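Heads up, the thing below is written out as structure tokens.
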Amino acid sequence: MFIALIVAAGTGERMNSVIPKQFLPVLGKPLLAYTIDVFEKSPLIDEIIIVINKNHEKQFQEQILTHIHTHKDLRYVFGGDTRQDSVYAGLELIYNRPHDHVLIHDGVRPLVSEEILKRSVEGVIKYGAVCCAIPSVDTLKLCKSNGSIESTLDRSIVWRAQTPQSFKISIIWEAIQKAKAENFHATDDSAMVERLGIPVYLVLGSEDNYKITTPQDFIRAEENLRWKKS
Ligand code: CTP
Ligand code: MG
């Protein structure tokens with residue numbers, strides 16, 4: 001079984017918007033609904049769990065839940081203060097199914113594609129842990145605390161992590177428990193698994209699968225989603 005765990009419990013500080021970014025409308029539909037749609041339509045996904053902020057429940061029910069008509073098992077749960085806490089809240093619903101697989105995805109990456117889901121599912125069956133990523137187009141520098149360059153990284157071995165990041169449930173559950181016990185805070189899920197010494201393999205994401213973080217990203221997403229719909 002393949003379970004999509006979509007985290008959308010953040011408050012979107014960097015967006016600077018009164019409406020939380022996951023609820024910003026494009027063609028009358030909230031961003032988060034576009035993200036959910038991709039997983040709902042995919043024949044590869046069996047179940048969907050959405051992690052939302054407690055304070056957004058009414059918005060979520062009225063603007064999103066009532067518009068989803070699906071035969072898939074779809075549930076929601078309240079998230080926590082950090083992304084990692086929100087992932088934890090979602091995993092608590094499924095940790096007792098160690099042999100199933102979970103695709104953890106940011107609710108604010110609405111342009112994820114079926115091809116990416118296919119690569120993630122194939123990868124996680126083969127390796128047990130995969131991270132969607134893209135090669136870096138820019139040359140990357142390591143810098144010193146005084147702001148000068150320490151060294152130039154070899155671009156061919158540097159990748160930019162995206163989501164979905166997909167795992168056999170037993171692996172990510174062990175990893176997140178360990179992170180919690182040791183007070184380790186990661187900005188993505190792979191980092192927790194890497195600490196276990198379990199290899200996480202890269203699968204190709206796409207430039208379109210960017211995370212909507214700033215108002216500029218939202219403007220770009222509006223264009224992209226309009227174009228996709230037409
Ligand atoms: N997220 C979450 N729970 C949190 C924080 C983040 O579920 N406590 C989710 C966000 O809703 C988002 C994804 O994790 O879908 C990626 O996080 P990010 O882009 O950082 O979103 P926010 O934390 O909401 O934005 P910001 O960091 O600008 O406040
Ligand atoms: Mg954040």
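Throughout, residue positions are numbered sequentially from 1 according to the sequence presented. When a ligand or atom number is given, it counts from 1 through the structure's own listing order. Because the structure is a prediction, the values reported are computed rather than measured.
Under the 4.5 Å side-chain heavy-atom criterion for ILVMFWY residues, a single connected hydrophobic cluster contains both Phe167 and Met192.
Val7 O, 2.8 Å is the protein heavy atom nearest to atom 15 (O) of ligand 1. The single protein non-hydrogen atom nearest to atom 8 (N) of ligand 1 is Gly80 O, 2.9 Å, given as residue, atom name and distance. Looking only at protein heavy atoms, the nearest one to atom 16 (C) of ligand 1 is Asp106 OD1, 3.6 Å. The protein heavy atom nearest to atom 26 (P) of ligand 1 is Glu13 N, 3.5 Å. For atom 20 (O) of ligand 1, the closest non-hydrogen atom on the protein side is Arg14 NH2, 2.9 Å. Taking atom 21 (O) of ligand 1 as the reference point, the nearest protein heavy-atom neighbour is Lys21 NZ, 3.2 Å. Atom 24 (O) of ligand 1 has its closest protein heavy atom at Gly12 N, 2.7 Å. When only non-hydrogen protein atoms are considered, atom 1 (N) of ligand 1 lies nearest to Gly10 N, 3.5 Å.
Those atoms of ligand 1 that come under 4.0 Å of a heavy atom in Lys211, given as number and element, are 16 (C), 18 (P), 19 (O), 20 (O). Close approach of ligand 1 to Gly107 is summarised as follows: ligand atoms under 4.0 Å from at least one heavy atom of the residue are 15 (O). Close approach of ligand 1 to Thr11 (heavy-atom distance below 4.0 Å) involves ligand atoms 24 (O). Taking a cut-off of under 4.0 Å to the non-hydrogen atoms of Ser86, the atoms of ligand 1 that pass are 2 (C), 3 (N), 4 (C), 7 (O), 8 (N).
Under the 3.5 Å distance criterion, with hydrogens and angles disregarded, a donor-acceptor pair is assigned to the side chains of Glu13 and Thr11.
Heavy-atom distances between Asp81 and ligand 1 reach below 4.0 Å in at least one pair.
Checked for salt-bridge contact, Arg83 and Asp189 meet the test: a charged N lies under 4.0 Å from a carboxylate O.
Side-chain contact between Tyr76 and Gln61 is present, with at least one heavy-atom pair separated by less than 4.5 Å.
Within the structure, every pair that satisfies the side-chain hydrogen bond (donor to acceptor under 3.5 Å, both in side chains) test and touches residues 166-178, not counting sequence neighbours, is listed here: Tyr88-Gln177, Lys178-Glu182. Listed by first and then second residue, the side-chain hydrogen bond (donor to acceptor under 3.5 Å, both in side chains) pairs that reach into residues 26-35 are Lys29-Asp37, sequence neighbours excluded.
A donor-acceptor pair under 3.5 Å is absent between the side-chain atoms of Lys21 and the main chain of Val108, judged by distance alone.
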> Stepwise, does the side chain to side chain donor-acceptor pair (under 3.5 Å) test hold for Lys211 with Thr213?
Replying inline: CA-CA 6 Å; Lys211 183 164 73 70; Thr213 307; 3.0 Å; yes

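Open room surrounds NZ on Lys118; 12 or fewer heavy atoms of other groups in view lie less than 6.0 Å from it.
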